[in-house]
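A short write-up of the structure that comes next.
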Amino acid sequence: MMDEPQLERLADIARREPVPRIDVTDGVMLRLQARAPAPAARAFVWAASLGLAIAVPLAISAPLVLRTWGDPLVRMFVDASRGLP
Amino acid sequence: MSSATAQSRYHAPRGADRALALITLLAGLTVRDAADTSPSPNALADIADVRRCLGGDGEAYRTIIARHQAMVSRRMWRFSRDPETHEELVQDVFVEAYECLGKFRASGPFANWLACIATRVGYRYWRRERRERGLHSAADIDLEAIAEEPADDPEDFARVAATLHELLATLPPRDRLVLTLRYVEGHSVEQTAELTGWSATMVKVQALRARAKLKAAFDRAAGEDTP
C-alpha cells in the first residue's frame with residue numbers, strides 16, 4: 001500500500017543515500033570554451049546576417065518595382081536630360 | 001591560466017553589458033543589506049564571482065562551479081541514476097547557468113537560482129527520455145528492497161532509493177517532478193512552486209493526482225488488481 005506516510009518514509013530513507021562525488025569543473029569549462037565563437041567568426045556571422053537582411057528583400061522587390069515604376073522612371077530621366085541646357 | 005588569457009578565451013554571456021550594470025547596482029544593495037540580514041559569505045562570494053564572469057573572466061566561473069557542484073550533483077542524482085547521464089546533466093546545468101548569467105538579478109541566493117535551472121534541465125531530460133523510450137513499466141519493479149525497514153547501511157538506502165526512483169519513473173514527467181521535489185527532495189509546497197514556476201495550488205493538485213497514480217503503479221508492481 002503506497003499511501004502518503006509510506007511515500008514519506010521511503011523518501012526519507014532515499015535522502016540518506018550517499019550521492020557519488022563528481023568534479024565537473026574541467027568538463028564544463030571545456031564545453032564553454034567550445035561554445036565560445038572566435039571574434040573573427042562572430043564578426044563574419046554578423047556581417048553575413050546584415051548582408052542577407054538587406055539583399056533578400058531587395059532581390060524580392062526589385063522585379064516588382066522595375067515592372068511598376070521602370071517606364072516612368074526612364075521617361076523621367078529622359079525628360080530631365082532633354083531639359084538640360 | 002592567467003586572468004588576461006581567461007578573459008580572451010571565454011565569451012561573456014548574452015546581455016552581459018546591461019546585466020553587469022544591473023548586477024553591480026543590486027550587488028551594492030545586497031552588500032549594504034548584509035549588515036541587517038547577514039547573508040552567508042558564500043552568497044556574497046557568489047555575487048562577486050558573477051560580476052567577474054559578466055566582465056568576461058571565465059576563471060571566476062570555475063570558483064562558482066566548485067562551490068555549487070555538490071548541491072547540483074545531489075539534485076541531479078534524483079533525475080538520473082546512470083553515472084554518465086548524471087555527470088552530463090550536472091554539466092548541462094552549469095553550461096545553461098553560464099548562458100543565462102546575465103539574467104541573474106541577485107534578489108535571492110545564487111544557489112536558489114541555480115536550483116531552478118537544475119530543475120528545468122532535469123525535467124527536460126525526463127520529457128526527452130519519455131519521448132524516446134516511453135515510461136518505465138511497473139511490472140518489472142522488484143519491491144523487495146522497500147518491503148522491510150532497511151538497516152542503517154548506505155547500500156540499503158541506495159536500494160530503497162533505486163526502487164523509489166523506478167516507481168516514480170512509471171509516472172509522466174510532471175507527476176514525477178512534483179513527487180520528487182515534494183517528497184524525495186523534501187521541499188515545501190512554496191519551494192516546489194518556486195522551483196517549477198507553478199502556483200502553490202497547482203503544486204497541491206498535481207501532487208494529489210501524482211500520489212494516486214503512484215499508488216496505482218505500486219499496486220501494479222505488487223501484482224495486485226487495481227479497481
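In this text, all values refer to a predicted model and were calculated from it rather than measured experimentally. Lettering of chains follows the sequences in order, A, B, ..., and the numbering in each one begins at 1. We use all heavy atoms of the structure for the numbers below, so side chains are in, but hydrogens, waters and symmetry mates are not.
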Distance (rounded to the nearest 0.5 Å) between [X] [atom1] and [Y] [atom2]:
{"X": "Leu7(A)", "Y": "Arg182(B)", "atom1": "CG", "atom2": "CZ", "answer": "10.0 Å"}
{"X": "Gln6(A)", "Y": "Phe218(B)", "atom1": "CD", "atom2": "CZ", "answer": "6.0 Å"}
{"X": "Glu59(B)", "Y": "Met29(A)", "atom1": "CD", "atom2": "CE", "answer": "5.0 Å"}
{"X": "Thr25(A)", "Y": "Gln91(B)", "atom1": "OG1", "atom2": "CD", "answer": "9.5 Å"}
{"X": "Asp3(A)", "Y": "Arg211(B)", "atom1": "CG", "atom2": "CZ", "answer": "10.0 Å"}
{"X": "Leu214(B)", "Y": "Glu4(A)", "atom1": "CG", "atom2": "CD", "answer": "11.0 Å"}

Side chain / backbone / both / neither for Ile64(B) at chain A, heavy atoms under 4.5 Å: neither
Under 4.5 Å from a heavy atom of chain A, the part of Glu185(B) involved: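 It is the backbone, since no side chain atom gets that close.
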Test item: Glu8(A) side-chain N/O and Tyr183(B) main-chain N/O as donor-acceptor pair under 3.5 Å: no
Polar side-chain atom of Arg31(A) near backbone of Phe94(B) as donor-acceptor pair, under 3.5 Å: no
Salt bridge (charged side-chain N to carboxylate O under 4.0 Å, His left out) assessment of Arg159(B) paired with Glu17(A): CA-CA 9 Å; Arg159(B) 267 197 293 275; Glu17(A) 173 199 26; over 6 Å; no
Partner chain A: residue of Ala212(B), Ser73(B), Ala70(B), Ala162(B) with the largest heavy-atom pair count (under 4.5 Å): Ser73(B)
Side chain / backbone / both / neither for Asp12(A) at chain B, heavy atoms under 4.5 Å: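 Looking at Asp12(A), nothing touches chain B.
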Inter-chain contacts: residues 78-88 of chain B against chain A, heavy atoms under 4.5 Å: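 Those residues of residues 78-88 of chain B which have a heavy atom under 4.5 Å from chain A are Arg78(B), Arg81(B), His86(B), Glu87(B), Glu88(B).
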Contact leader toward chain B among Pro18(A), Pro20(A), Gly27(A), where contacts are heavy-atom pairs under 4.5 Å: Pro20(A)
Within-4.5 Å side-chain heavy-atom neighbours: Arg16(A) and Val160(B):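 Arg16(A) does not reach Val160(B) side chain to side chain.
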Residues, nucleotides or ligands: over 12 heavy atoms within 6.0 Å of Arg209(B) CZ: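 No, not enclosed.
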